[in-house]
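Chain A is the first sequence line, chain B the second, and so forth, proteins listed ahead of strands; every chain is numbered from 1. What's counted below: heavy atoms across the whole structure, side chains too, no hydrogens, waters or symmetry copies.
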Amino acid sequence: MPELPEVETVRRGLAELIMGRRVEQAWCGRSDLRYPFPAGFVSALEGSVISRIDRRGKYLLFALGDGRLLAWHLGMTGQFHVLPAQSPAAKHEHVRLLLDDGGSLRYRDARRFGYAGLMDEDHWQSHPWFAHMGPEPLSEDFNAAVLAGLCRGRKSPIKGVIMDAHVVAGIGNIYACEALYGAGIHPGRAAGRISLLRLQGLIDSIRTVLLAAIEAGGSSISDFVRADGRPGMFAHQFSVYGRAGKPCPACGGEIRRIVQAGRSSFFCPGCQH
DNA sequence: CTGAAGACCTGCCTGC
DNA sequence: TGCAGGCAGGTCTTCA
């Protein structure tokens, strides 16, 4: 479900709806998501105040107002919803937090690939989930010189490189395909054989597509929804993702689908080299 | 070291 | 209508 624009959309929605709320009561239906919740997870949340909500890569970071930080990854199908406290539990609802304004925060995750962890607010960046994470793609730290250094000598396909969170955070299958299309680079091209100029073009394309997707509230393909239940609209703007056999918006040629490292890649053979 | 493949889990769509 | 097979936005581990 969620890549950077979707997680950012969820973050903004939650910030609007639950920032400053105190957790009166926490409930956890099952703890065996991708990893078990940490011991004392539920009691650690009760009484805390959600003082800030940040994002790093595809992780949501909830500051709990007492020096602790709750880091949460949505996996493929994780969703947060803000609903009245008395609303019945939906299928696959695993966590429910009752808030001091009569609302509640629900976490739902059909495939249970999501996970959460508690850490110290001052040291979260050294936690194993974050210690080796690459720069944010929308920050100045992600630039052509850095990317070229990481690509040098590598024969692996460029698509896998930009999806590697150790290289740059937050880019998944959809936006990797869309960004490579925007830059005119074939997803199978060896990373080490792309000029600095074209890498700069790729960085520009990544930023353009991520910003446009955030602007549109993310992409709803099957089950992504915002915290308030509305769908994201960016899927309507896909140039190549999920469009195998359909015409390229630029040249009219047929979009192709290939499989790389077990993931679908979509591209235009006429426009991407 | 690199990179591909398998694993985790459920739901939905397609085709027979 | 039923059922098998393939597919799905992520990431970690294993193996060559």
Side-chain angles (χ1 to χ4, degrees), chain A residues 1-11 29-37 55-60 71-80 90-94 107-117 127-134 137 149-180 187-193 206 209-210 213-214 216-226 231-238 240-245 257-266:
Chain A
M1 187 253 292
E3 300 183 33
L4 187 152
E6 288 73 40
V7 178
E8 177 61 21
T9 298
V10 170
R11 187 196 71 75
R30 65 188 296 166
S31 64
D32 58 332
L33 303 187
R34 165 132 200 201
Y35 308 118
F37 287 125
R55 178 190 58 74
R56 174 77 170 99
K58 299 169 188 165
Y59 289 81
L60 288 166
W72 206 304
H73 196 294
L74 301 173
M76 294 272 252
T77 51
Q79 300 179 347
F80 279 110
K91 198 175 181 187
H92 303 303
E93 183 175 299
H94 306 307
Y107 180 69
R108 214 153 95 181
D109 190 345
R111 290 173 74 178
R112 309 211 306 277
F113 284 174
Y115 50 97
H127 186 281
W129 294 347
F130 302 105
H132 304 291
M133 190 176 270
L150 292 166
C151 287
R152 191 163 298 130
R154 289 181 68 169
K155 294 178 185 166
S156 52
I158 184 64
K159 186 189 172 218
V161 173
I162 60 172
M163 287 178 66
D164 182 349
H166 301 100
V167 173
V168 57
I171 299 171
N173 204 32
I174 292 178
Y175 298 105
C177 290
E178 293 294 316
L180 287 164
R189 180 153 197 100
R193 302 201 51 241
I206 287 170
V209 73
L210 292 179
I214 291 169
S219 304
S220 293
I221 292 183
S222 62
D223 56 11
F224 169 71
V225 290
R226 309 173 178 206
M233 300 307 287
F234 190 71
H236 298 292
Q237 297 179 45
F238 287 164
V240 289
Y241 187 83
R243 298 191 66 246
R257 172 184 179 267
I258 57 173
V259 175
Q260 296 178 281
R263 313 293 301 273
S264 291
S265 295
F266 300 89

Spacing between A:Arg108 atom CZ and B:dC9 atom C1', to the nearest angstrom: 16 Å
OP1, OP2 of B:dG11 versus side-chain N and O of A:His92: anything below 4.0 Å? yes
OP1, OP2 of C:dG9 versus side-chain N and O of A:Arg263: anything below 4.0 Å? yes
Over how many whole Å does the gap from A:Phe80 atom CZ to C:dG9 atom P extend? 21 Å
Is the ring pair A:Phe238/A:Phe234 parallel, tilted or perpendicular, if the boundaries are 30 and 60 degrees? perpendicular
Applying a 4.0 Å non-hydrogen cut-off, can you work out what A:Phe234 is touching in the nucleic acid: base, sugar-phosphate, or nothing? nothing
Side chain of A:Tyr35 - closest among C:dC12, C:dA8, C:dG10: C:dC12
Regarding the side chain of A:Ser156, the nearest nucleotide among C:dG9, B:dG3, C:dA8 is B:dG3
Is A:Phe113 stacked against the base of B:dC8, taking the criterion as centroid distance under 5.5 angstrom and interplanar angle under 30°? yes
What do you reckon, are the aromatic ring centroids of A:Phe130 and A:Tyr59 less than 6.0 Å apart? yes
Please report the distance, rounded to the nearest Å, between CZ in A:Arg56 and P in C:dT11. 12 Å
In whole angstroms, how far is the C1' atom of C:dG10 from the CG atom of A:Leu74? 10 Å
Give me the distance, rounded to whole Å, that separates B:dG3 from C:dA8 when you measure between the P atoms they each carry. 22 Å
Using whole Å, what does the distance between atom C1' of nucleotide C:dA8 and atom CZ of A:Phe238 come to? 12 Å
Side chains of A:Asp109 and A:Leu74, heavy atoms from C-beta outward: is any pair under 4.5 Å? no
As its Watson-Crick or G-U partner within any shown strand, both distances under 3.5 Å, B:dA7 has C:dT11
Ignoring backbone atoms, test whether A:Tyr241 places a side-chain nitrogen or oxygen under 4.0 Å from the OP1 or OP2 oxygen of C:dG9. yes
Mind calculating the distance between CG (A:Leu210) and P (C:dG9) to the nearest angstrom? 16 Å
Assess the side chains of A:Ser264 and A:Arg257: does a donor N or O sit below 3.5 Å from an acceptor N or O? yes
B:dG3 C1' sits how many Å from A:His166 NE2, rounded? 14 Å
Nearest-angstrom distance, C1' atom, B:dG11 to C:dC12: 23 Å
Please give the distance between the P atoms of B:dC9 and C:dC3 as a whole number of Å. 24 Å
Measure the shortest side-chain to side-chain distance between A:Pro5 and A:Tyr175 over non-hydrogen atoms and say whether it is less than 4.5 angstrom. yes
Among C:dT11, B:dG11, B:dC9, which nucleotide has an atom closest to any side-chain atom of A:Arg112? B:dC9
Does OP1 or OP2 of C:dA8 have a side-chain N or O of A:Ser264 closer than 4.0 Å? yes
When the ring planes of A:His166 and A:His132 are compared, do they come out parallel, tilted or perpendicular, using 30° and 60° as the limits? tilted
In whole angstroms, the gap separating P of B:dC9 from NE2 of A:His73 amounts to 17 Å
Taking N and O atoms by type only, does the side chain of A:Arg111 place a donor or acceptor under 3.5 Å from a partner on the base of B:dC9? yes
In terms of the nearest nucleotide of DNA chain B, which residue is placed more toward the 5' end: A:Lys91 or A:Arg34? A:Arg34
